[in-house]
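Contents: one structure, followed by commentary.
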Amino acid sequence: MRKSITQKILEEHIVEGKFEPGEEIAIKIDQTLTQDATGTMAYLQTEAMGVANVKTELSVSYIDHNTIQAGFENADDHRYLQSIASKYGILLSRTGNGICHQVHLERFGKPGKTLLGSDSHTPTCGGIGMIAIGAGGLDVAVAMVGGPFYLACPKVIKLNLKGELRPWVTAKDVALKVLETFTTKGNVGCVFEYGGDGVKTLSVPERATITNMGAECGVTTSVFPSDEITRQFLHAQGRAQDWLEIRADEDAEYAKVVEIDLSEVVPLVACPHSPDNVKPVKELEGMAVNQVCIGSCTNSSYKDLMTVARILKGEKVHPDVDVVIAPGSKQVLENICRAGALTDLISAGARIAECACGFCIGNSYAPATDAVSIRTSNRNFRGRSGTKTAKVYLVSPETAAATAITGKMTDPRDLGMKYPLVEMPEQFYIDDSMILQPSKTPEDVEIYRGQNIGEPPSNSPLPEDISGFVAIKVADKITTDHIIPAGSRMKYRSNIAKYAKFVFEMEDKGFYKRAVQYRDKGKHNVIVAGESYGQGSSREHAALCPMFLGVKA
Ligand code: MIC
Ligand code: SF4
C-alpha cells in the first residue's frame, strides 16, 4: 500500500500493535521536551521511577513559562530543574533562551524522528517533518525512562495546499482557515498531513505556524514533508547533517482529502472567545484596539519579527495602543538585532518583552478592563489573557503590525505599503551557550529542592461504585484554562495541594471549598460537563488537581 508521511514515520517507531487507524499502538519516542510549568511535575514523576538517567536520544528541559519571578517560587523551581537535568542527562535551555517550540525547531528537531513534549504545541516541530505530539507530564516521564508512548493509531487527513499566498496573507491566516474548516472539536485521533504543490512556497517557520495551531483543532499532530526547503533551513541552522527527505508516496491513501487554495486565503481573525470563531479581518475593520501583542510559539520567528520591523520602520505606534513584542528565542532576538531591525521596533514605540511565553499565558501584560487585545498567539479563551473582561482577537503579525500603527483593526493590505518580503538568512547567527549540557559526573550532582516543590499526588484505583455529589455543572467547551488557570497562579504548578485551591476559580469560586467538604466526608465528587470538556492545553494539572480534590467522574 502507498503510504502517507504519518504512516511511514509511525511504522518505523511502532513497538506494539500495527498501523490500523483507531487501534491502540505503542511507539518509541526519540526525543522529549518539557517546559518548566509542566516540567517540575514530570521530573518529580521521573525521579519516582527510580532510574539513574534518561534513555532517549535527546531530552531537553526548557524554562520559558514561569519566568516572571515575582516571589521566590519560579527561581527555586528553576534551580530544581537545572539540577535534575544535570543529573539525569538532560539538556537545559535556560530562562531567556526562548520558547520551547521555537528553540526546539531551530536547534533540535529532526525530520523522521518522534518527539513527545509536555506541552500541547509540541506539534510545532511537525513543520520540520517530525511526528511531534503533546502529552501529559507523566507520559513524557515514561518516555524519558525508555517506555513507549501509547496512543490511538490516528486517522490521516490530507490538507492539499495549492497555489501561493498573496502579499500580506500569511501562514497564520492558513492556520485560521484550517480552524474555520475543522473547528475545535471532532478532530481527536486525527493527524493533519500537508501536501500538494503549495507546500514548497512555505518556509519552515511558516509551516511550523500551521502545525502549531493544529493543536487548537485537537488533532494528535500535524506534519509537513521534509524537502529542499527543510534542508535549507537546517543548513542555515548549521545542521545540514540532520536533514532527511520525507514525503508521502504518490497516491497514498487518506481518510479524507481537503483542498486549500492558498491564493484564495485572505487575512483572517479569530474572534473572542474561541480560536475557531474565524472572520475576515475586513469584517472587523475600524474596531478600536487597546493592545497589540506580537510573539508566542505561533508567530515569533525571525521571519515574523523582521516583517513586523519592516512594517513599523519609520512609523510610530498609535497613542491609544500598547504594543508588546516577545521574540520567540534568543536566536531570533540576536538575529533581528544584527539585522538592525530591533532599532526599528524600539523607535516605533514597541515594548520589547523577554524571549518567553509571557503575555500568551497571561502571567504579564494583562489588558485593561473590557479592553480589545489583538494577539498573534494561538488561544483566546475567556480570561486567559489575565483579564476576564478583555476581548482577545488572534491575527497574523502583519495584521497586528498594521493595527499597531492605525489603532484600529486594519487589513494590512490597506496600509498602502509594498509588502516587505523577508528572505530567510543563508546562515543564522548561532550561539548555544544558553543550553547547558548535563554533568559528566552525575553522581556528584545534588538535587536542589526548594520549598515550592510538593509531593506528586498518588491515587487509588477507581472504585466500582461512585457515590457522591455533583460538585459543579459546567457548560460546553470548558478548556483546561477554565479548569485550572495558568497566569499568576502558575507558580504553584510544583505543588498540587496549593494549586488545587484555584480549580474552577473562574467558573465558580465556591467549588474548592465544596469539593474539599465532600471529599473529607468520604464522598466522591462529580463534574457534569458538556461537549469538548478539557480542550486546550496538555496541562495534566487539569486532571491532577480535581483528582486531589476527590473528583472521581
Ligand atoms: C498553554 O499554552 O496553555 C500552555 C501553558 O503552554 C500549556 C502547558 C501548561 O499549561 O503548562 C499547553 O499548551 O499545554
Ligand atoms: Fe507558551 Fe503560549 Fe506557546 Fe503555550 S501557547 S507554549 S504559553 S507561547
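Both counts, for ligands and for their atoms, begin at 1 and track the order of listing.
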- prompt: For ligand 1, which atoms have a heavy atom of A37 less than 4.0 angstrom away?
  reply: 11 (O)

task: Could you list the atoms of ligand 1 found under 4.0 angstrom from a heavy atom of S538?
output: 12 (C), 14 (O)

- prompt: Does R384 have a heavy atom less than 4.0 Å from any atom of ligand 2?
  reply: yes

message: Below a 4.0 angstrom heavy-atom separation, can you tell me which part of H541, side chain or backbone, both or neither, approaches ligand 1?
response: neither

query: Are H101 and ligand 2 in contact, using a heavy-atom cut-off of under 4.0 Å?
result: yes

field: Q291 and R375: side chain donor to acceptor below 3.5 Å
entry: yes

query: Does E73 pair with K498 as a salt bridge, N-O distance under 4.0 Å?
result: no

field: For H65, atoms of ligand 1 separated by under 4.0 Å from a heavy atom
entry: 4 (C), 5 (C), 6 (O)

message: Measuring only between side-chain heavy atoms, which start at C-beta, is H104 closer than 4.5 Å to T124?
response: no

task: Indicate, as side chain, backbone, both or neither, the part of M490 found under 4.0 angstrom from ligand 1 when only non-hydrogen atoms are considered.
output: neither

statement: atom 8 (C) of ligand 1 has as its nearest protein heavy atom Q35 NE2, 3.2 Å

task: Distance to 0.1 Å, residue and atom name: give those for the protein heavy atom nearest to atom 1 (Fe) of ligand 2.
output: C357 SG, 2.3 Å

query: So does R449 have more than 12 non-hydrogen atoms from other groups sitting under 6.0 Å from CZ?
result: yes

field: Per-atom contacts of ligand 2 with I361, taking only distances under 4.0 Å to non-hydrogen atoms
entry: 7 (S)

task: Specify the protein heavy atom at minimum distance from atom 13 (O) of ligand 1: its residue, its atom name, and the distance to 0.1 Å.
output: S120 OG, 2.5 Å

query: Side chains of E193 and T6: do they bring a donor and an acceptor to under 3.5 Å?
result: yes

field: Numbering as shown, the atoms of ligand 1 that approach D119 to under 4.0 Å (heavy-atom distance)
entry: 4 (C), 6 (O), 7 (C), 8 (C), 12 (C), 13 (O), 14 (O)

- line: Quick note on ligand 1: atoms under 4.0 Å from a heavy atom of T38 include exactly 9 (C), 11 (O)

- prompt: Among all protein non-hydrogen atoms, which one is nearest to atom 12 (C) of ligand 1, and what is the separation to 0.1 Å?
  reply: S537 CB, 3.1 Å

- prompt: So between R384, R493, E540, whose heavy atom ends up nearest atom 2 (O) of ligand 1?
  reply: R384

query: Is it true that some N/O/S atom of C360, main chain or side chain, lies under 2.8 Å from atom 2 (Fe) of ligand 2?
result: yes

query: Which ligand 2 atoms does N378 reach within 4.0 Å, using its non-hydrogen atoms?
result: 5 (S)

message: Walk me through whether H101 and D119 qualify under side chain to side chain donor-acceptor pair (under 3.5 Å).
response: CA-CA 9 Å; H101 311 302; D119 191 281; 2.9 Å; yes

query: Does the side chain of S537 come under 3.5 Å of the side chain of R539 through a donor N or O and an acceptor N or O?
result: yes

query: Quick one: which ligand 2 atoms are inside 4.0 Å of a heavy atom on C297?
result: 3 (Fe), 5 (S), 6 (S), 8 (S)

- request: For H65, take its heavy atoms, then give the atoms of ligand 2 lying under 4.0 Å from any of them.
  value: 1 (Fe), 4 (Fe), 6 (S), 7 (S)

- prompt: Is it the side chain, the backbone, both or neither of M41 that has a heavy atom closer than 4.0 Å to ligand 1?
  reply: neither

- request: Check each heavy atom of I361 against ligand 1 and say whether those closer than 4.0 Å belong to the side chain, the backbone, both or neither.
  value: side chain

- prompt: So, S494 and T40: side-chain donor and acceptor under 3.5 Å apart, yes or no?
  reply: yes

message: How close do P327 and L333 get, counting heavy atoms only, and between which atoms?
response: CG-CD1, 3.8 Å

message: So if I count the atoms of ligand 2 from 1 in the order they appear, which ones are less than 4.0 Å from some heavy atom of H121?
response: 5 (S)

Part of D119 with heavy atoms under 4.0 Å of ligand 2, whether side chain, backbone, both or neither: side chain

message: Which residue and atom name correspond to the protein heavy atom nearest atom 10 (O) of ligand 1, and how close is it?
response: R539 NE, 2.5 Å

